[in-house]
Amino acid sequence: RVAVLDSSFNPPTLAHRALALLPAAASSSEARLLLLSVRNADKVPCTGDASLEQRVEMMVRLAREVNAAVGLVDAPAFVHKAERLRTVLPARAQLAFVQGIDTLERFFAPRYYGDGSPGTMHAALRRFFASDGDDARVICARRTIELADPHRESAILEAARGWIPADRITIVDIDNDLQTFSSSEVRAKVRARDYSWHLMVPDDIKEYIEEQHLY
């Protein structure tokens with residue numbers, strides 16, 4: 001089983017490291033993959049952001065800490081990432097995609113699938129989860145910073161369970177303190193010369209940000 005963490009982090013935080021370390025216990029995964037997409041379905045680069053090369057270097061540094069491989073893919077949607085991975089992984093490999101609950105909400109939004117119709121989304125999801133398709137699973141981590149409204153979380157999980165078989169989704173938690181860490185806050189603190197961001201990222205990432213004068 002391969003745990004796949006979508007890694008568009010800019011920069012990686014201790015919360016992201018916690019997500020990367022979850023799968024070993026949550027899904028009995030035998031391998032970890034940090035997968036960086038060169039295209040993101042929602043995010044566009046901003047002035048002052050790290051370049052693609054710099055983000056790859058940060059992923060490599062994070063991968064060393066969590067014993068993971070690093071991959072690049074030109075596919076913004078999870079269903080397409082699974083298709084690409086199927087072309088390079090052994091046929092017997094099982095994919096477990098690790099994501100935050102806000103990403104799970106987008107996972108069930110038709111606009112991210114082909115013509116944007118519910119029918120197209122449903123067909124893609126059936127292929128994604130089917131044992132004779134991509135044979136994928138989802139590990140969803142709660143993060144309080146992403147969802148301040150607990151009722152919204154319940155609604156998302158209810159919608160998810162309507163499409164994901166019980167044995168195909170696992171809900172997990174990360175440390176309460178780490179839940180509040182975000183890349184955008186790190187970038188803001190760096191710009192403001194608020195050095196408390198040092199406590200929000202792995203040491204190797206802190207050193208790289210300072211070496212490269214990022215953000």
Out of curiosity, [X] [atom1] to [Y] [atom2], how far, rounded to the nearest 0.5 Å?
| X | Y | atom1 | atom2 | answer |
| --- | --- | --- | --- | --- |
| Ile171 | Cys140 | CD1 | SG | 4.0 Å |
| Met200 | Lys206 | CE | NZ | 14.5 Å |
| Ser131 | Arg168 | OG | CZ | 6.0 Å |
| Phe181 | Arg17 | CZ | CZ | 10.5 Å |
| Leu5 | Leu19 | CG | CG | 6.0 Å |
| Arg84 | Ser37 | CZ | OG | 9.5 Å |

On a heavy-atom basis, which atom in [X] and which in [Y] lie closest, and how many Å separate them?
| X | Y | answer |
| --- | --- | --- |
| Leu14 | Leu199 | CD1-O, 3.2 Å |
| Leu95 | Leu89 | CD2-CD1, 3.5 Å |
| Pro202 | Pro12 | CD-O, 3.8 Å |
| Ile205 | Leu62 | CD1-N, 4.4 Å |
| Ala77 | Tyr112 | CB-O, 4.2 Å |
| Ala96 | Ile139 | CB-CD1, 4.0 Å |

So does Ala20 get a backbone contact from the side chain of Arg32, meaning a donor-acceptor N/O pair under 3.5 Å? yes
Check for a donor-acceptor pair, side chain of Tyr113 on one end and backbone N or O of Phe107 on the other, with a separation under 3.5 Å. yes
For residues [X] and [Y], determine if any side-chain heavy atom of one lies less than 4.5 Å from a side-chain heavy atom of the other.
| X | Y | answer |
| --- | --- | --- |
| Ser8 | Arg55 | yes |
| Thr13 | Glu185 | no |
| Phe78 | Val138 | no |
| Pro11 | Tyr208 | no |
| Val98 | Val172 | no |

Salt bridge or not between Glu65 and Arg61? Use side-chain N to carboxylate O under 4.0 Å. no
Hey, can you tell me if His16 and Phe9 have their rings parallel, tilted or perpendicular (30° and 60° cut-offs)? parallel
Worked check of side-chain contact (heavy atoms from CB on, under 4.5 Å) between Val56 and Leu36: CA-CA 8 Å; Val56 170; Leu36 174 61; 3.6 Å; yes
Evaluate Asp132 against Arg126 for salt bridge (Lys or Arg N to Asp or Glu O under 4.0 Å), listing each step before the verdict. CA-CA 10 Å; Asp132 59 350; Arg126 280 194 294 270; over 6 Å; no
side-chain contact (heavy atoms from CB on, under 4.5 Å) between Glu83 and Arg86: does it pass, once the steps are laid out? CA-CA 5 Å; Glu83 291 172 356; Arg86 279 282 162 228; 5.8 Å; no
Any chance the side chains of Arg187 and Ser184 put a donor and an acceptor closer than 3.5 Å? no
Using the rule given for side-chain contact (heavy atoms from CB on, under 4.5 Å), can you reason through Arg137 versus Thr170, listing the C-alpha separation, both sets of side-chain angles and the distance that settles it, and then say yes or no? CA-CA 8 Å; Arg137 289 164 173 76; Thr170 303; over 6 Å; no
Heavy-atom count check: over 12 atoms from other residues, nucleotides or ligands less than 6.0 Å from Asp173 CG? yes
Is there a side-chain contact (heavy atoms from CB on, under 4.5 Å) between Leu52 and Val38 once you walk through the steps? CA-CA 8 Å; Leu52 177 60; Val38 299; 4.0 Å; yes
